[in-house]
Number of protein chains: 2
Amino acid sequence: MDEQPRISDAEWEIMKVIWAKSPATAADVIHTLRDNKTWKDNTIKTLLSRLLQKGILTYEQVNRLYYYSPVLTEEECKRQERQSFLQRVYGGALKPMLVHFLKEEKLSSQEIDELKKILSEKEK
Amino acid sequence: MDEQPRISDAEWEIMKVIWAKSPATAADVIHTLRDNKTWKDNTIKTLLSRLLQKGILTYEQVNRLYYYSPVLTEEECKRQERQSFLQRVYGGALKPMLVHFLKEEKLSSQEIDELKKILSEKEK
DNA sequence: AATTAATGATTACAATTGTAATCTATAAAA
DNA sequence: TTTTATAGATTACAATTGTAATCATTAATT
């Protein structure tokens with residue numbers, strides 16, 4: 001029904017933290033990202049606000065503090081991103097996309113076996 | 001070295017036409033897209049101009065007319081999109097991403113066999 | 001020759017995005 | 001109690017994007 005606004009690149013970084021640690025405060029997110037990102041604290045707070053506005057996050061307030069939680073699961077959001085990527089770049093053609101990934105990227109023998117098993121499962 | 005500016009969603013639509021039909025004129029692109037897209041002609045011309053500015057297209061001029069061609073191959077651009085998608089959504093983790101695609105999407109038995117064959121090739 | 005059509009260039013304009021700084025209200029510390 | 005630190009709200013601002021309309025130049029028609 002009401003379709004999810006898009007999650008931007010920067011917002012994805014925030015969401016990954018939230019999915020991993022929710023309910024999380026702004027300070028939690030800031031702390032978690034301090035090592036990988038050069039963002040100022042305010043930048044992270046802005047992104048949190050936008051995610052709230054977009055309805056991608058909710059919060060529970062305890063005294064002055066917000067505890068943020070995701071509205072949708074990571075799996076659901078990833079699914080949407082997969083779809084939009086597949087559509088945009090490959091016009092929805094799944095197999096060619098998979099072939100490209102399989103051919104170009106490195107996979108261990110064990111990973112290859114796992115993937116083959118999944119394919120075999122599917123075939124039945 | 002000099003990194004490619006991003007190709008936006010709308011621009012991808014244009015590029016697909018160019019890759020398929022280059023060298024192509026604006027009129028060619030407009031014609032090709034007329035059925036699938038509701039864009040005004042000017043919209044397409046704007047997108048072509050932007051792709052030129054970004055250095056994603058070049059052109060050859062014959063009289064008053066521009067014949068547009070891609071600077072990079074479709075494969076190269078797709079590769080970049082795959083990387084950025086993989087990084088953004090899966091933090092670069094290839095196998096989980098493949099597992100999601102394989103589990104969630106429909107594939108014919110024949111496609112499954114092809115994919116398995118590619119995997120087997122890789123394993124050696 | 002005057003008019004019209006077509007092509008590319010220029011301009012427009014709001015929404016989104018990246019990246020913050022400043023403001024405000026409260027809680028904690030001195 | 002006065003000062004300070006903190007959390008969230010508000011404001012900022014340029015770049016990108018979607019989506020065109022208008023302008024200028026030349027080519028084609030009448």
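Lettering follows sequence order; numbering is per chain, from 1. Worth saying up front: this structure is predicted, and the values here are computed from it rather than measured.
- Checking D:dG18, C:dG8, C:dT7 against the side-chain heavy atoms of B:Ala27 singles out C:dT7 as nearest.
- Contacts of A:Asp41 with the nucleic acid, taken as non-hydrogen atoms under 4.0 Å apart, are absent.
- Rounded to a whole Å, the OH atom of A:Tyr66 is 19 Å from the P atom of D:dT6.
- The residue A:Leu48 sits apart from the nucleic acid: no heavy atom pair falls under 4.0 Å.
- Using a 4.0 Å heavy-atom cutoff across all strands shown, A:Lys37 reaches no nucleic acid atom at all.
- A:Lys78 is linked by a side chain to side chain donor-acceptor pair (under 3.5 Å) to A:Glu74, counting only residues two or more places apart in sequence or in another chain.
- Pairs of residues two or more places apart, or lying in two chains, that qualify as salt bridge (charged side-chain N to carboxylate O under 4.0 Å, His left out) and include a residue from residues 48-71 of chain A are A:Glu11-A:Lys54.
- Note: A:Phe85 and A:Tyr90 have perpendicular aromatic rings, judged against thresholds of 30 and 60 degrees for the angle between ring planes.
- The distance from atom CH2 of A:Trp12 to atom C1' of C:dT16 is 18 Å, rounded to the nearest whole Å.
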Polar atom pairs (N or O), protein with nucleotides 19-25 of chain C, under 3.5 Å:
residue : atom : partner : partner atom : Å
C:dT19  : OP2  : A:Trp39 : NE1          : 3.0
C:dT19  : O4   : A:Arg50 : NH2          : 2.8
C:dA20  : O5'  : A:Thr43 : OG1          : 2.8
C:dA20  : N7   : A:Thr46 : OG1          : 2.9
C:dA20  : N6   : A:Thr46 : OG1          : 2.6
C:dA21  : N7   : A:Asn42 : ND2          : 3.0
C:dT22  : O4   : A:Asn42 : OD1          : 3.4
C:dT22  : O4   : A:Asn42 : ND2          : 3.4

For residues 113-123 of chain A, which side-chain donor-acceptor pairs fall under 3.5 Å, sequence neighbours excluded?
residue  : atom : partner  : partner atom : Å
A:Glu114 : OE1  : B:Lys95  : NZ           : 2.8
A:Glu114 : OE2  : B:Lys95  : NZ           : 3.3
A:Lys116 : NZ   : B:Ser120 : OG           : 2.9
A:Lys116 : NZ   : B:Glu123 : OE1          : 3.4
A:Ser120 : OG   : A:Lys116 : O            : 3.1
A:Ser120 : OG   : B:Lys116 : NZ           : 2.9
A:Lys122 : NZ   : B:Leu102 : O            : 2.9
A:Lys122 : NZ   : B:Glu105 : O            : 2.6
A:Glu123 : OE1  : B:Lys116 : NZ           : 3.3

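- Nearest nucleotide to the side chain of B:Asp9, out of D:dG18, D:dG8, C:dG8: D:dG18.
- Annotation: side chain to side chain donor-acceptor pair (under 3.5 Å) contacts of A:Lys21 (sequence neighbours excluded): A:Thr32.
- For residues 31-62 of chain B, the set of pairs meeting the ring-ring contact (aromatic ring centres under 6.0 Å, His included) definition, not counting sequence neighbours, comprises B:Tyr59-B:Tyr66.
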